[in-house]
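Comments concern the structure below.
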Amino acid sequence: CIVFSMRKQAIFQTVRPVLPVKNVTAALDFYVTKLGFTRDFQDTADNPHYAGVVRDEVILHLQWHDPAAWERDQVDRPMLRFLIDDVDALYAEYSDKEVFHAHTAVRDTAWGTREFAFFDPDQNGLTFYKPLPESS
């Protein structure tokens, strides 16, 4: 006798990455002023330790970590990849915001994307990409 499972599979709906930061107020300023996000929430009006920013369908959470932990390499910094409809337009938008490092450039990759990347002030990696059209 064969029994088939009729169990429904869970569906992933979204992800809300939590980025470690040394100063939530400074991180909010960077993401809002430089990267075009909007403040979504923060835990306190003064000296927040947890906050969120939103741009279009992307929500990021910013969480305070003791700066001393950075010096002891106890804070892992993530690398985030953002799927963008127009990478070149976003690159142009950010080009005068003083967020790029010396090697930031838009490029086509061997893995089939057009992308650019840089780090936020807390060294969280941010890559913005779009799949390249498949060539015939």
Side-chain angles (χ1 to χ4, degrees):
C1 178
I2 299 175
V3 177
F4 293 97
S5 172
M6 298 301 284
R7 184 173 181 199
K8 181 181 175 194
Q9 187 174 13
I11 297 171
F12 283 58
Q13 295 182 332
T14 190
V15 64
R16 304 280 193 257
V18 179
L19 302 179
V21 299
K22 295 176 189 174
N23 180 310
V24 174
T25 301
L28 282 167
D29 183 60
F30 175 79
Y31 280 90
V32 170
T33 305
K34 303 281 187 176
L35 302 189
F37 282 76
T38 302
R39 183 184 320 255
D40 190 32
F41 68 89
Q42 61 190 59
D43 60 355
T44 62
D46 298 324
N47 195 27
H49 281 76
Y50 198 82
V53 293
V54 61
R55 179 166 176 171
D56 302 319
E57 300 299 317
V58 173
I59 297 174
L60 302 175
H61 291 200
L62 309 169
Q63 184 177 37
W64 178 84
H65 283 72
D66 184 349
W70 253 263
E71 296 169 16
R72 297 186 304 266
D73 291 327
Q74 294 177 337
V75 177
D76 291 327
R77 261 94 62 208
M79 299 290 294
L80 303 181
R81 293 182 59 81
F82 299 86
L83 178 61
I84 304 296
D85 68 338
D86 190 336
V87 170
D88 293 291
L90 188 65
Y91 184 86
E93 176 185 333
Y94 289 169
S95 66
D96 66 347
K97 302 289 186 183
E98 300 177 356
V99 297
F100 297 156
H101 56 69
H103 301 291
T104 300
V106 178
R107 64 190 180 100
D108 293 345
T109 68
W111 49 90
T113 62
R114 183 161 179 77
E115 63 185 53
F116 68 95
F118 56 88
F119 294 98
D120 75 5
D122 293 296
Q123 297 304 298
N124 296 301
L126 310 174
T127 300
F128 305 90
Y129 77 98
K130 178 176 182 163
L132 290 171
E134 293 189 33
S135 58
S136 306

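Keep in mind that this is a model prediction, so the values were computed, not measured. Throughout, residue positions are numbered sequentially from 1 according to the sequence presented.
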Q: Would you give the length of the straight line joining atom CG of Leu28 to atom OG1 of Thr38, rounded to the nearest 0.5 angstrom?
A: 11.5 Å
Q: State yes or no: do Phe118 and Tyr129 share one hydrophobic cluster built from I, L, V, M, F, W and Y residues joined by side-chain heavy-atom distances below 4.5 Å, directly or via other members?
A: no
Q. What is the minimum heavy-atom distance between Asp76 and Pro20, and which atoms define it?
A. O-CG, 3.5 Å
Q: Sequence neighbours left out, what passes side-chain hydrogen bond (donor to acceptor under 3.5 Å, both in side chains) with Arg39? Give chain and number order.
A: Gln42
Q: Indicate yes or no for a side-chain donor-acceptor contact from Lys130 to the backbone of Asp85 under 3.5 Å, with no hydrogens or angles considered.
A: yes
Q: Please confirm whether the backbone N or O of Asp122 pairs with a side-chain atom of Asp120, one donor and one acceptor, at under 3.5 Å?
A: yes
Q) For the atom pair NZ (Lys22) and NE2 (His65), what is the distance rounded to the nearest 0.5 Å? A) 12.5 Å
Q) Taking it one step at a time, do Lys97 and Phe30 satisfy side-chain contact (heavy atoms from CB on, under 4.5 Å)? A) CA-CA 10 Å; Lys97 302 289 186 183; Phe30 175 79; over 6 Å; no
Q: Report yes or no: do Val87 and Leu83 belong to one cluster of Ile/Leu/Val/Met/Phe/Trp/Tyr joined by side chain heavy-atom distances under 4.5 Å?
A: no
Q) Should the pair Phe100 and Tyr91 be assigned to parallel (<30°), tilted (30 to 60°) or perpendicular (>60°) ring geometry? A) parallel
**Q.** Considering all heavy atoms, the nearest Val21-Ala27 contact
**A.** CG1-CB, 3.7 Å
Q) Can Leu19 be reached from Tyr50 by stepping across I, L, V, M, F, W or Y side chains whose heavy atoms are under 4.5 Å apart? A) no
(Q) Looking at every non-hydrogen atom in both residues, tell me the closest pair between Pro48 and Thr25 and how far apart they are. (A) CD-OG1, 3.3 Å
Q | Thr104 versus Phe116, closest heavy-atom pair with distance | A | CG2-CD1, 4.2 Å
Q) Do the side chains of Val54 and Val18 join up, straight or via other hydrophobic residues, at under 4.5 Å, putting them in one cluster? A) no
(Q) Over 60° means perpendicular and under 30° means parallel, so tell me whether His101 and Phe119 are parallel, tilted or perpendicular. (A) tilted
Q. Do Leu80 and Leu60 come within less than 4.5 Å of each other through their side chains, counting heavy atoms only?
A. yes
(Q) Determine whether a donor-acceptor pair (N or O, by modelled atom type, separation under 3.5 Å) exists between the side chain of Thr113 and the backbone of Thr109. (A) no
(Q) Side-chain heavy atoms nearer than 4.5 Å, only ILVMFWY residues, links allowed to pass through others: does that put Val99 and Leu62 together? (A) yes
(Q) Once rounded to the nearest 0.5 Å, what's the spacing between atom CG of Asp88 and atom CD of Glu93? (A) 13.0 Å
Q: Give, for atom CD1 of Ile59 and atom CZ of Arg16, the distance between the pair rounded to the nearest 0.5 Å.
A: 3.5 Å
Q. Considering only heavy atoms from C-beta outward, does the side chain of Val106 approach that of Arg114 to under 4.5 Å?
A. yes
(Q) Checking the side chain of Tyr94 only, and the main-chain atoms of Lys34 only, is there a donor and an acceptor separated by less than 3.5 Å? (A) no
Q) So do the side chains of Arg107 and Glu115 get within less than 4.5 Å of each other, counting heavy atoms only? A) yes
Q.
Just verifying a value: how many Å separate Thr14 OG1 and Phe12 CZ, rounded to the nearest 0.5 Å?
A. 11.5 Å
**Q.** Atom pair CG (Leu126) and CE (Met79), whose distance is rounded to the nearest 0.5 Å
**A.** 8.0 Å
